[in-house]
Amino acid sequence: MAQQIEEILNDEFVGKKVELRGWIYRKRRVGKLIFIVLRDSTDIVQCVVEKRKIPEETFKLLDKVGVESSLVLKGTVRKEERAPTGYEVDVEEIAVVGPSYNFPISKDKSDEFLLDNRHLWVRSREMNAILKIRHTVFKALHEFFRDRGYYETQGPMFVTGAVEGGSTLFEVPYFGKKVYLTQSSQFYLETLIFSLEKVYTVAPSFRAEKSRTRRHLTEYWHAEAEAAWYHNDDMMRDEEDMIVHIIQRVLEERKKELKYLNRDIELLQNIEKPFERMRYEKLINFAQEHGVNIEYGDDLGADEETAITKHFNAPVFITHYPREIKPFYHRPDPDNPNVILCHDLLAPEGYGEIIGGGERIYKLEVLLQRMEEEGLNPEDYYWYVDLRKYGSVPHAGFGLGMDRFVWWIAGLSHIKYAIPYPRTIRRTKP
Ligand code: NSS
């Protein structure tokens, strides 16, 4: 059975015969030797091929082929401090499985070029590290919800109404009719709590975002949850438990990758529960004190979020937004109906909003009144309205942007590095 590179990089394998399968990461000919740095999904290791040890044809072919050629080889492991990962394999048998010539990606290619060639760039060590962190984030998220008694479920992607306002809806032709790509599965999750009480989903959401920022995609992965009998505070408690659980897992499983990306690990290690809760009103004061040009009643744009959260070194919940700047479904605060029982979670270090959530209106009259204020036709939302007619209960939920979360955890400069195939206003390929 073949080994993977990561497992042979230790003293126990010294002197042992191994079989490796991978791709040429770097190659150098020195007289009768070819030095190959081999990569697989786990790591890299230097392999030395001596001309006299293998058939002449194979040596010639190896000399000719370029980086990214795929190989299978057998050899013996040696300790070698000068090798990039501290060990070296003396090759005894080797075969080129799929040759590669003139691999288009080399050092110093532009960002645009790397995006056009994302299908090849995903092989880079940088993308490999990011994708592994992303994997662990998704895995830990599922762990959290399952352990907490949430049922996993799914809503449709073709929908007929807006959740988060009409301006970012993608219209799709649908057999002579018009439908939209979903902005959020929230309303469907709300229907499902009447059966399952606590539900979650991980699915794409679509936003026709016209802004070009470091944090907006047009298609993103959205983890959403909804729970019956929950109030705003109950939901925030689950969310902070979730965030801390995921960060813990990433620190356990992905230190190597975080280090490779030069992530400040200490910052992640210092994140503790409970997260600070700050009312919107106080946030505006805080922002003004720090020279951010914003007034009570303004929504936070990308620039304001960056300017504000640069001063944070842990996530902060912002609560009690004025109701005018959030969608109609949020429950007004009974103590002050001008503000709503909601929360956004802002990630520190300039990253900004990663979660939006809160308590939903559960009384029929209040919902109808809010819809009227927003100029919405209750018939378009008849099924959503129905939930308030048949055994309504207080409930709350949230949506976490998974790509934004990975963007922050991995410490990346732009959200497009956090997802294998980013979709933005200008990019739909590869
Ligand atoms: O618009 S949100 O703030 N809220 C909702 O969609 C609610 N319906 C969620 C819910 O309560 N079930 O989006 C939630 C999160 C937000 O905090 C971001 O982290 C992420 O979704 N989000 C995005 N990520 C990437 N790109 C774009 N364009 C984007 N828009 C929102």
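Computed from heavy atoms alone, side chains included, the values below leave out hydrogens, waters and symmetry copies. Note that ligands are numbered from 1 as they come in the structure, with each ligand's atoms numbered from 1 the same way.
- The nearest protein atom to atom 28 (N) of ligand 1, hydrogens excluded, is given as L217 O, 2.8 Å; this is a heavy-atom distance.
- Each of E209, E353, E305 was checked for a salt bridge (charged side-chain N to carboxylate O under 4.0 Å, His left out) with R215, and the lone residue meeting it is E305.
- Only the side chain of Y220 comes within contact range of ligand 1, with a heavy atom under 4.0 Å; no backbone atom does.
- Neither side chain, Y230 nor E197, offers a donor N or O lying under 3.5 Å from an acceptor on the other.
- In terms of protein heavy-atom proximity, atom 11 (O) of ligand 1 is nearest to R360 NH2, 2.9 Å.
- For the atom pair Y296 OH and L283 CG, the distance stands at 11.5 Å (nearest 0.5 Å).
- When each atom of ligand 1 is checked for a heavy atom of Y329 under 4.0 Å away, the hits are 7 (C), 8 (N).
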Verify side-chain contact (heavy atoms from CB on, under 4.5 Å) between Y362 and R331, making sure each step is shown before the conclusion. CA-CA 8 Å; Y362 73 98; R331 181 177 176 209; 4.1 Å; yes

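- Of all the atoms in ligand 1, the ones that sit under 4.0 Å from a non-hydrogen atom of R215 are 25 (C), 26 (N).
- Considering F398, Y200, F405, W407 only, the shortest heavy-atom separation from atom 10 (C) of ligand 1 involves F398.
- For atom 7 (C) of ligand 1, the closest heavy atom belonging to the protein is E164 OE2, 3.2 Å.
- Taking every non-hydrogen atom of I355 and a distance limit under 4.0 Å, the qualifying atoms of ligand 1 come out as 17 (O).
- For atom 18 (C) of ligand 1, the closest non-hydrogen atom on the protein side is R404 NH1, 3.4 Å.
- Inclusion of G357 in the set of residues having an N or O under 3.5 Å from an N or O of ligand 1 is not warranted.
- Between the side chains of N10 and Y87, no donor-acceptor pair is found at a separation under 3.5 Å.
- Of all protein heavy atoms, the one closest to atom 19 (O) of ligand 1 is I354 O, 2.8 Å.
- Among all protein heavy atoms, the one lying closest to atom 12 (N) of ligand 1 is E224 OE2, 2.7 Å.
- T218 and R423 form no side-chain donor-acceptor contact under 3.5 Å, judged by distance and modelled atom types alone.
- Side-chain N/O atoms of E365 and Q369 include no donor and acceptor closer than 3.5 Å.
- In this structure, atom 15 (C) of ligand 1 lies nearest to the protein heavy atom G399 O, 3.6 Å.
- Remark: ligand 1 atoms within the under-4.0 Å shell around heavy atoms of G401 are 15 (C), 19 (O), 20 (C), 21 (O).
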For ring pair (Phe, Tyr, Trp, His ring centres under 6.0 Å), just list the numbers for Y390 and F194, CA-CA rounded to whole Å, side-chain angles, deciding distance to a tenth of an Å, and then say yes or no. CA-CA 10 Å; Y390 306 109; F194 291 88; 9.8 Å; no

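- Between Y384 and Y381, the ring-plane angle classifies as perpendicular under the 30° and 60° cut-offs.
- Looking at atom 3 (O) of ligand 1, its nearest protein heavy atom turns out to be E353 OE2, 3.1 Å.
- Of the polar atoms of Q183, none of the N or O atoms is found under 3.5 Å from an N or O of ligand 1, judged by distance alone.
- Using a 4.0 Å cut-off between a side-chain N of Lys or Arg and a carboxylate O of Asp or Glu, E289 and K282 do not qualify as a salt bridge.
- L341 pairs with exactly one of T319, D335, D333 by the side chain to side chain contact (heavy atoms under 4.5 Å, CB included) rule, that one being D333.
- Taking distance alone, with nitrogen or oxygen atoms compared against 3.5 Å, E226 stays at or beyond that limit from ligand 1.
- In terms of N/O distances under 3.5 Å, ligand 1 is not approached by I415.
- When heavy-atom distances to ligand 1 are checked against a 4.0 Å cut-off, E209 comes that close only through its side chain, counted from C-beta outward.
- Between D403 and R134 there is a salt bridge, with a side-chain nitrogen of the basic residue lying less than 4.0 Å from a carboxylate oxygen of the acidic one.
- Comparing heavy-atom distances from atom 2 (S) of ligand 1 across Q186, R207, H330 singles out R207 as nearest.
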